[in-house]
Amino acid sequence: MIINFPAKKISKALALMTAASAVVLSSAANAEWKGWNIHNTGYPVTEALESFIKEADSATNGRVSGRVYNSSVLGSQSDAIQMLQVGAIQFAGFSLGPMGDAVPEVNVVSLPFIFKDLNHMHRVMDGPVGDQLSDAMAKKGIMSLAWYDGGARSFYNTAKPIRTPADVKGEKFRVMNNELYVGMVEALGGNATPMAYSEVYQSLKTGVVDGAENNWPSYDSSNHYEVAPYYSLTQHLIIPECVCVSVKAWNELSAKDQVAVKKAARDSSALQRKLWAQRDEESRKKVLASGVKFNEIKDKKAFSDAMKPVYAKAVKDNPSLKPFIEQIQNTQ
């Protein structure tokens, strides 16, 4: 079953599918896999995806080969999700945040404080919950073969540290365009302002917003630390990423090649997590050396307790989330 999209979106997806096919027309005769990636060259996800397809090529004696197309040249993630569903592309590195529009169960990982920390997220996603989420995705034409690290997002702002929920009250925070993230800031007493990532730097600089939230590498690479020098380690969102494949392409593989491709994906996950940890530490050291005022919040209970209305609304709107929430919270 493919997720139903408005006619305008379907037309756009078909146009992008045609463009994607044209980009790799010379490779189509060799049945090479096309891979979508939002990141640029050198990014941990990019390195891992390139390692994945290289190992898959070697392990299958060229029966599964291909190329990673970086920097969203094949379209946005929502475009790529649709292309993967119909088999116009064969693999991708996706954040699970935008995946929730196509697979509602996946929204569970976008709940604030659903994971205790990064290691807890890894244990959850590498276990039964990760398998069940992949099964839910497979019903919509997409499979996850392994899970990548997307880091932990924390609040940063222009004027003061965030130590308690009271420090968020009345503050304007940029969030990604998702009602869960809007509800998160509002539950803390702040004013959520969804906006494009490209607009955040200037909005922080001019006071349109008081703060934003992201992980260390993004805080660094965006230069947001220059205009919002207070970074408070809330780690309120830990959103995994995946090595996803088209179910259509997967079903065309032999059982032997499926084993080899899955191993390549798992190996790439180990590489990505290692590279991400290195990048995360490098960015943290860089911004702290610049004079950023950092504070760690060791007891996050007051923040997580404030999320109860967010969870209640999420479960009311999507009852399928309840068993996932319970499994995640019960995973040690």
Side-chain angles (χ1 to χ4, degrees), residues 37-46 70-72 76-77 95-98 110 112-113 117-118 148-165 167-178 180-186 188-241 275-297 300 303:
N37 177 32
I38 196 172
H39 303 290
N40 55 19
T41 302
Y43 198 79
V45 170
T46 306
N70 303 322
S71 304
S72 300
S76 68
Q77 177 161 326
S95 166
L96 293 193
S110 287
F113 300 102
D117 52 37
L118 285 169
Y148 284 0
D149 199 340
R153 301 173 73 99
S154 293
F155 287 118
Y156 51 87
N157 60 341
T158 59
K160 64 180 183 180
I162 303 297
R163 294 192 174 93
T164 69
D167 295 321
V168 180
K169 188 173 182 179
E171 296 284 294
K172 294 174 291 185
F173 275 91
R174 178 267 177 180
V175 295
M176 296 179 286
N177 190 17
N178 182 314
L180 287 174
Y181 310 145
V182 171
M184 171 187 71
V185 170
E186 290 179 347
L188 295 171
N191 300 311
T193 306
M195 70 169 58
Y197 189 58
S198 59
E199 299 174 9
V200 179
Y201 183 94
Q202 192 64 20
S203 295
L204 287 166
K205 186 176 182 179
T206 59
V208 172
V209 294
D210 301 306
E213 47 84 53
N214 220 316
N215 53 50
W216 287 112
S218 296
Y219 182 54
D220 165 23
S221 61
S222 63
N223 295 321
H224 289 177
Y225 68 93
E226 296 176 350
V227 288
Y230 291 88
Y231 194 94
S232 304
L233 200 70
T234 50
Q235 295 184 316
H236 50 269
L237 290 174
I238 300 176
I239 304 174
E241 302 192 7
L275 294 175
W276 179 267
Q278 292 172 353
R279 177 72 173 264
D280 191 75
E281 181 63 12
E282 289 168 2
S283 292
R284 186 186 71 86
K285 288 181 177 178
K286 175 185 171 181
V287 298
L288 291 181
S290 76
V292 161
K293 300 169 183 64
F294 165 71
N295 65 288
E296 184 173 359
I297 302 169
K300 302 182 179 68
F303 288 88

Within-4.5 Å side-chain heavy-atom neighbours: Glu199 and Val208 | no

If you round to the nearest 0.5 Å, how far is CG of Asp280 from CG of Asp149?
-> 8.0 Å

Looking only at non-hydrogen atoms, find the nearest pair between Ser232 and Asn295 and report the distance.
-> OG-OD1, 2.8 Å

Above 12 or not: heavy atoms from other molecules or residues under 6.0 Å from NZ of Lys160?
-> yes

For Asn223 and Tyr201 the tightest heavy-atom approach is O-CE1, 3.2 Å

Donor-acceptor contact below 3.5 Å, side chain Gln77 vs main chain Ser95 | yes

Between His224 and Tyr197, does the ring centre distance come in under 6.0 Å?
-> yes

Can the ring centroids of His236 and Phe303 be said to lie less than 6.0 angstrom from one another?
-> no

Does a side-chain heavy-atom distance below 4.5 Å link Lys285 with Leu288?
-> no

Side-chain donor/acceptor of Thr158 to backbone N/O of Ala228, under 3.5 Å | no

Working to the nearest 0.5 Å, report the span between CD of Glu226 and CG of Asp220.
-> 9.5 Å

So which heavy atom on Glu213 is nearest to which on Leu237, and how close?
-> OE1-CD1, 3.8 Å

Proximity of Tyr231 and Trp216 rings by center, below 6.0 Å = yes

If you measure from CD on Glu171 to CG on Asn191, what distance do you get to the nearest 0.5 Å?
-> 9.0 Å

Please confirm whether the backbone N or O of Arg279 pairs with a side-chain atom of Ser283, one donor and one acceptor, at under 3.5 Å?
-> yes

Please answer whether the main-chain N or O of Phe155 pairs with a side-chain N or O of Thr234 as donor and acceptor at a distance below 3.5 Å.
-> yes

Here the gap from Arg174 atom CZ to Tyr181 atom OH, rounded to the nearest 0.5 Å, amounts to 10.5 Å

Kindly compute the distance separating CE (Met176) from CE (Met184), expressed to the nearest 0.5 Å.
-> 7.5 Å

Say you draw a straight line from CG of Leu233 to NZ of Lys300; how long is it, rounded to the nearest 0.5 Å?
-> 5.5 Å

Would you name the heavy atoms of Thr41 and Thr46 that are closest together and state the gap between them?
-> CA-CG2, 4.1 Å

Under 3.5 Å side-chain donor-acceptor pair for Asn70 and Asn40 = no

Taking Asp210 for the side chain and Ala159 for the main chain, is one N or O donor matched with an acceptor at less than 3.5 Å?
-> no

What are the two closest heavy atoms between Ser110 and Ile239, and how far apart are they?
-> OG-CD1, 4.3 Å

Nearest heavy-atom pair of Phe173 and Tyr156: which atoms, and what distance?
-> CE2-O, 3.6 Å

